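See structure below.
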Amino acid sequence: MERTRISDAMATVPVGTEVEVGGWVRTVRTSKGGFAFIALNDGACMANLQVVADQKLPNYENDVTHLTAGCSLVVRGKLVESPAKGQRVELHADEVRVLGLADAERYPIQPKHHTFEFLRTQAHLRTRTNTFGAVARVRNVVSAAIHDFFQQRGFLYVHMPIITSSDCEGAGQLFRVTTLDLAQVPRGSDGRPDMDKDFFGRSAYLTVSGQLEAETYACSLGNVYTFGPTFRAENSNTPRHLAEFWMVEPEMAFCDLQGDADLAEAFLKHIFAAVLQRCPEDMEFFNQRIDKTVIETLRGIVDQRFERVTYTEAMDILTRAERSWEYPPAWGRDLQTEHERFLTEETFKKPVIVTDYPATIKPFYMRLSDDGRTVAAMDVLVPKIGELIGGSQREERLDVLLERMNAQGLKEADYWWYVDLRRYGSVPHAGFGLGLERTVQFATGMANIRDVIPYPRTPRSADF
RNA sequence: UCCCCGAUAGCUCAAUCGGUAGAGCGUCCGGCUGUUAACCGGCAGGUUGCUGGUUCGAGUCCAGCUCGGGGAGCCA
């Protein structure tokens with residue numbers, strides 16, 4: 001008999017149907033009157049299926065009365081209309097097969113409140129809770145929506161290398177990839193490690209961004225996007241940073257900053273609309289238990305036009321604001337967290353796209369504007385989380401690019417293939433990066449980024 | 001990395017001025033019930049994160065360390 005998903009059993013399968021379901025016990029209420037209620041969950045949805053098992057079952061005494069939270073079962077029976085509130089149907093069991101017991105003395109997931117900090121130490125079991133099941137389902141819908149969005153628009157999904165030899169943004173700490181024996185590193189005549197002896201014959205790292213490589217594909221195939229893991233070895237200890245996270249990076253040929261910002265806005269609207277539409281039950285849960293404004297916030301994003309201001313205009317707003325700053329805003333300095341929050345949460349109360357940042361605080365590949373002091377950069381800022389998207393129009397002019405590389409101390413030889421794009425048939429192009437986990441955080445209202453990725457990697461922590 | 005806060009039963013927490021460790025949930029046992037994180041009664045459960053110090057006496061005060069949380073920086 002084919003297994004029925006509990007989500008289908010709860011919602012659509014007609015009353016009277018014979019079904020078989022499999023799942024894990026959430027709670028059991030046993031009556032000495034000779035029957036038991038088993039709340040069964042298979043992860044397909046938030047709601048549990050109520051299984052009613054009575055003493056007519058041959059294994060009632062031996063098995064059913066000893067069930068505890070965490071046991072795995074396959075149950076066959078008939079779906080009947082539930083006389084109780086809170087559910088359309090319940091399953092009257094004709095057969096209860098216990099596949100795996102769960103020692104109640106030691107099973108860590110009790111039917112009670114647990115802190116997220118504790119559940120992080122039990123990350124292999126935490127998806128058996130309402131919150132983490134819902135997070136996993138929303139993360140899935142966000143991922144699917146990302147592909148939908150780009151596929152509908154004819155973008156090519158491309159896979160860029162995870163191991164790289166270029167520190168592609170000239171910033172950010174990289175994880176080194178090596179097969180050298182750390183206890184006995186081969187050294188050259190200058191006493192420094194001889195990287196020629198390493199696996200790749202040179203230093204290699206985990207990627208911090210697939211952007212530069214994605215540009216090469218955009219400059220021949222048109223519109224492309226990458227979606228994969230990214231690594232940053234920064235010693236960041238915050239609820240918004242991971243050492244390993246997933247990033248989406250579209251790159252578009254024949255596109256300027258305006259088109260880039262337009263795409264970013266349409267993209268976010270598409271993602272959050274999909275979450276609202278496809279995860280109503282999970283979102284209701286987040287709205288009740290995690291963040292009472294999360295549904296309203298997502299609706300606002302889907303319905304409202306994002307605010308767009310230039311960096312210079314943003315600085316005007318900030319310097320005119322009658323309040324004190326830990327970091328006083330000043331033209332030429334980067335926007336601080338307190339500035340971003342002021343703009344998104346107090347001034348505009350919605351997402352804000354800030355464009356045209358000073359060239360001095362942005363990387364070499366961003367296109368220098370005619371004013372000579374700003375670049376065609378954009379950041380999409382959202383309330384609470386801050387920067388969700390960072391992007392730019394890329395510098396397509398050979399001479400300007402070389403000048404900027406030189407100014408930032410980068411060697412042309414290390415980026416020869418990147419420079420070639422400007423040498424042979426250069427075109428204006430633009431793109432951006434979206435942090436998947438921050439997007440899931442924003443969609444769910446979850447406060448800590450470590451709770452929206454299955455196994456978080458952070459400084460001094462790589463369990464599981 | 002910097003600043004602030006925290007660590008007590010399996011989990012969530014309490015313990016006054018430094019005076020001999022307590023509750024709820026869970027487990028187990030019993031009772032009861034078409035129940036919904038059911039309910040009622042009972043048993044068990046602790047080297048108070050680690051190391052050292054002060055003191056007649058430390059969960060409580062001091063120092064160092066480990067781990068965790070919040071804020072900041074870096075960023076997505």
Side-chain angles (χ1 to χ4, degrees), chain A residues 25-41 47-54 66 68-70 80-87 90 92 102-122 129-130 169 171-173 208-211 229-249 264 289 325-327 334-338 340-341 361-363 379-382 385-391 432-442 447-453 458-461 463:
Chain A
V25 173
R26 286 291 177 82
T27 59
V28 193
R29 292 173 294 281
T30 309
S31 166
K32 288 296 179 291
F35 55 96
F37 298 105
I38 305 163
L40 198 68
N41 189 285
N48 302 319
L49 176 64
Q50 173 160 286
V51 174
V52 184
D54 70 26
H66 296 109
T68 55
V80 304
E81 209 170 308
S82 180
K85 278 185 185 154
Q87 60 221 355
E90 60 188 31
H92 283 199
D103 183 353
E105 205 63 58
R106 308 199 327 182
Y107 184 61
I109 311 296
Q110 302 165 9
K112 69 181 285 292
H113 173 77
H114 290 292
T115 59
F116 292 148
E117 290 80 15
F118 169 72
L119 289 170
R120 240 169 263 155
T121 71
Q122 308 293 324
T129 64
N130 288 334
E169 303 196 8
Q173 302 278 342
V208 296
S209 163
Q211 179 203 312
T230 306
F231 307 86
R232 304 274 166 95
E234 245 108 45
N235 190 9
S236 298
N237 294 285
T238 84
R240 298 183 304 280
H241 290 85
L242 293 164
E244 176 184 295
F245 64 99
W246 283 62
M247 187 154 66
V248 183
E249 295 177 287
R289 297 295 198 69
W325 305 98
E326 195 183 338
Y327 297 88
D334 215 342
L335 292 178
Q336 302 295 314
T337 298
E338 57 178 337
E340 295 178 352
R341 296 191 70 146
I361 58 172
K362 290 293 183 182
D379 282 354
V380 181
L381 310 178
V382 297
I385 308 286
E387 186 180 338
L388 254 193
I389 283 178
F432 61 79
L434 168 92
L436 176 68
E437 284 74 18
R438 286 192 184 172
T439 306
V440 176
Q441 248 190 298
F442 189 76
N448 196 311
I449 200 168
R450 298 166 199 207
D451 298 325
V452 299
I453 190 169
T458 56
R460 308 196 61 78
S461 172
D463 291 338

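Hydrogens, waters and symmetry mates are skipped; everything else that's a heavy atom, side chains included, is used. What you see is a predicted model; the values in this text were computed from it and never measured. So that the names make sense, note that chain A is the first sequence line, chain B the second, and so on, each numbered from 1.
Distance from the side chain of A/Pro239 is smallest for B/G70 among the nucleotides B/U12, B/G70, B/C74. Residue A/Phe118 places its side chain closer to B/U12 than to any other of B/U12, B/C67, B/G73. When distances run from any side-chain atom of A/Glu117 to the nucleotides B/A72, B/G68, B/C11, the shortest one goes to B/G68. If you check B/U35, B/C74, B/G68 against the side chain of A/Ser461, the one that comes closest is B/G68. Minimum atom distance to the side chain of A/Thr68 is reached by B/C28, of the listed B/G10, B/C28, B/A76. Of the candidate nucleotides B/G73, B/A76, B/C25, B/G73 has the atom nearest to the side chain of A/Thr238.
Partner assigned to B/A23 is B/U12, using Watson-Crick or G-U wobble distances below 3.5 angstrom.
The main-chain N or O of A/Gly386 is never found under 3.5 Å from a side-chain atom of A/Glu340 such that the two would form a donor-acceptor pair.
Residue A/Asn448 places at least one side-chain N or O closer than 4.0 Å to OP1 or OP2 of B/G70. Look at A/Arg232 and you won't find any side-chain N or O under 4.0 angstrom from OP1 or OP2 of B/C75.
Taking atom C1' on both B/G53 and B/A58, the two are 11 Å apart, rounded to the nearest angstrom. Of the C1' atoms belonging to B/C75 and B/U16, the separation is 47 Å, rounded to the nearest Å. B/G41 and B/G52: their C1' atoms are spaced 47 Å apart (whole Å). The gap from the C1' atom of B/G59 to that of B/U8 amounts to 6 Å, rounded to the nearest Å. B/C13 and B/A9 are spaced 11 Å apart, taking the C1' atom of each and rounding to whole Å. B/C61 and B/G18 have their C1' atoms separated by 8 Å, with the value rounded to a whole Å.
Using a 5.5 Å limit on the distance between ring centres and a 30° limit on the angle between planes, the aromatic ring of A/Phe245 counts as stacked on the six-membered base ring of B/A76.
Inspection of the A/Glu249 and A/Ser209 side chains reveals an N or O donor paired with an N or O acceptor under 3.5 Å. When only modelled atom types and interatomic distance are considered, A/Arg26 and A/Asn130 share a side-chain donor-acceptor pair under 3.5 Å.
For A/Leu242 and A/Gln336, each mapped to the nucleotide of RNA chain B holding its nearest heavy atom, the one lying further toward the 5' end belongs to A/Gln336.
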